[in-house]
Amino acid sequence: MAGRAAILALFPVVSVLGYSNTVPIVAWSSKSSSVLSSLSPDLRYEDSMSIVGGILSPEDICSFDAVLVVDQPGLRSSDLRALPTSSGLSAILKSSPSSRQYPHVKRSASSSFQEIAESLASRCGSTLTSASPAAGPLDLAENSKHVVCVNMPAMEGGPKLRKAAMLGYDQYLSSEIEKIGAAFTSHLVLYTGSPLDHQRRQLPPPSEFDSTYTLPDDSTVADGGIFKRYQLFSTPLLVALLVVFFIIVPIIMLAVSALASLQSSVRLDVPKGYHAQEKKTQ
């Protein structure tokens, strides 16, 4: 019974740790798009930059009048799930002709979204614009194509704080997307998360087998103690420790206790009044 309770208590911990190094990616367009429909619905083994490149690399991406690349450090899939169905982003996504959603994608520290937006604008001959909630509303000229890189504030804190912040960001993004939709009937939106500054140092560096990458700037490492700078407890190590101390050790202790409580039912002592010599004479 104790072992079963330990296993049930371990499930939520393992699930949280299993998704700790992932980010969500959501993409949708105002028209039916071969760029999105050609993507596999299951890309759980790809990292975030590979999926972003798969969306923004095809030549068809230049057919859109406006492309929005929304980057929000620290964004989790639970933040998006916490939005009510009546929220602006939920309504826009539901009404989109083409969309793709990847809730748990392995996050990558290589390449910045600003560089990706700059490359896309250069390739498509579009005007590159940077935006953020602090910079105010967007003002885009309708007689040219645009690539907009939206830098959202980082998502940090507890569940209640994150939910309240997400509602505010939803209002900003849905308002800007609706204005772009009114000015540009053909547009695509890519909304994804990225590592926080102190998490970038903890991610493994890209290998030489990756397509392109740039190492993160050391100046972005957050100040603090050793736990801020280095990952001493990785996910596999924590899971292994939890399994050992909450499952294997209780089972061993239970087995040892059961063996120690065993008693022999066979009496080996000589009964009273028994004489071996009399037994032989008879």
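Taking hydrophobic clusters as Ile, Leu, Val, Met, Phe, Trp and Tyr residues chained together by side-chain heavy-atom distances below 4.5 Å, Val147 shares a cluster with Met49. Leu161 and Leu75 are members of different hydrophobic clusters when ILVMFWY side chains are connected at heavy-atom separations under 4.5 Å. Residues Val26 and Val150 share a single hydrophobic cluster, defined by chaining ILVMFWY side chains whose heavy atoms lie under 4.5 Å apart.
Note on residues 113-180: pairs passing disulfide bond (SG atoms under 2.5 Å apart), not counting sequence neighbours, are Cys62-Cys124. Counting only residues at least two apart or in different chains, ring pair (Phe, Tyr, Trp, His ring centres under 6.0 Å) contacts with residues 114-173 comprise His146-Phe184. Listed by first and then second residue, the salt bridge (charged side-chain N to carboxylate O under 4.0 Å, His left out) pairs that reach into residues 79-90 are Asp79-Arg162, sequence neighbours excluded. Sorted pairs that involve residues 23-42 and meet ring pair (Phe, Tyr, Trp, His ring centres under 6.0 Å), not counting sequence neighbours, are lacking altogether.
Applying the side chain to side chain donor-acceptor pair (under 3.5 Å) rule to Ser122 yields no partners; only residues at least two apart in sequence or on another chain are considered. Qualifying side chain to side chain donor-acceptor pair (under 3.5 Å) partners for Asp170, counting only residues two or more places apart in sequence or in other chains: none. Legend: residues meeting salt bridge (charged side-chain N to carboxylate O under 4.0 Å, His left out) with Lys31, ordered by chain and number and at least two apart, are absent. Here Pro137 pairs with Glu176, Lys179 under the side-chain contact (heavy atoms from CB on, under 4.5 Å) rule; sequence neighbours left out. The side-chain contact (heavy atoms from CB on, under 4.5 Å) search around Lys163 returns Ala82, not counting sequence neighbours. With sequence neighbours excluded, no residue satisfies salt bridge (charged side-chain N to carboxylate O under 4.0 Å, His left out) with Arg76.
Side-chain contact between Ile25 and Arg100 is absent, with no heavy-atom pair separated by less than 4.5 Å. The closest side-chain heavy-atom distance from Ile180 to Leu140 is below 4.5 Å. Contact annotation: the side chain of Val105 never approaches that of Pro24 to less than 4.5 Å [non-hydrogen atoms, C-beta and beyond]. Counting only heavy atoms from C-beta outward, the side chains of Gln114 and Ser130 approach each other to under 4.5 Å. Two residues are said to be in side-chain contact when any heavy atoms from C-beta on lie closer than 4.5 Å; Leu68 and Leu188 fail this criterion. Using a 4.5 Å heavy-atom threshold, the side chains of Ile116 and Val69 count as separate.
Counted by atom type alone, Asp71 and Ser194 present one or more donor-acceptor pairs between their side chains at under 3.5 Å.
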For Tyr191 and Leu173: C-alpha separation, side-chain torsions, deciding distance, then whether side-chain contact (heavy atoms from CB on, under 4.5 Å) applies. CA-CA 10 Å; Tyr191 187 17; Leu173 288 174; 3.8 Å; yes
Mind running side-chain contact (heavy atoms from CB on, under 4.5 Å) on Val70 and Thr192 for me, showing each step along the way? CA-CA 6 Å; Val70 184; Thr192 183; over 6 Å; no
Could you walk me through whether Val67 and Lys145 satisfy the side-chain contact (heavy atoms from CB on, under 4.5 Å) test, starting with their C-alpha distance in whole Å, then the side-chain angles of each, then the deciding distance to 0.1 Å, before giving a yes or no? CA-CA 9 Å; Val67 176; Lys145 292 185 176 182; over 6 Å; no
Residues Leu36, Ser29; criterion side-chain contact (heavy atoms from CB on, under 4.5 Å); working and verdict: CA-CA 8 Å; Leu36 298 179; Ser29 60; 3.9 Å; yes
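Between the side chain of Ser257 and the main chain of Leu254, no donor-acceptor pair closer than 3.5 Å is present. Under a 3.5 Å cut-off, the side chain of Gln72 and the backbone N or O of Pro153 do form a donor-acceptor pair. Of the possible polar contacts, one joining the Ser30 side chain to the His187 backbone as a donor-acceptor pair under 3.5 Å is found.
The two residues Ala117 and Leu128 have their closest heavy-atom pair at CB-CD1, 3.8 Å. Closest approach of Ser33 to Ser98, counting heavy atoms only: N-OG, 2.9 Å. When every heavy atom of Leu196 is checked against every heavy atom of Ala154, the shortest pair comes out as CD2-CB, 3.6 Å.
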Under 3.5 Å, side-chain donor or acceptor atoms of residues 85-96 against the rest of the protein: list the pairs with distances, not counting sequence neighbours.
residue: Ser87; atom: OG; partner: Pro84; partner atom: O; Å: 2.8
residue: Ser87; atom: OG; partner: Ser90; partner atom: N; Å: 3.4
residue: Ser87; atom: OG; partner: Ser90; partner atom: OG; Å: 2.8
residue: Ser90; atom: OG; partner: Pro84; partner atom: O; Å: 3.2
residue: Ser95; atom: OG; partner: Ala91; partner atom: O; Å: 3.1
residue: Ser95; atom: OG; partner: Ile92; partner atom: O; Å: 3.1
residue: Ser96; atom: OG; partner: Ile92; partner atom: O; Å: 2.7

Can you give me every donor-acceptor pair (side chain of residues 52-61, partner residue at least two apart or in another chain, under 3.5 Å) with its distance?
residue: Ser57; atom: OG; partner: Gly53; partner atom: O; Å: 2.5
residue: Asp60; atom: OD2; partner: Ser34; partner atom: OG; Å: 2.9

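Between the CG atom in Leu190 and the CG atom in Leu120 there is a gap of 10.0 Å [rounded to 0.5 Å].
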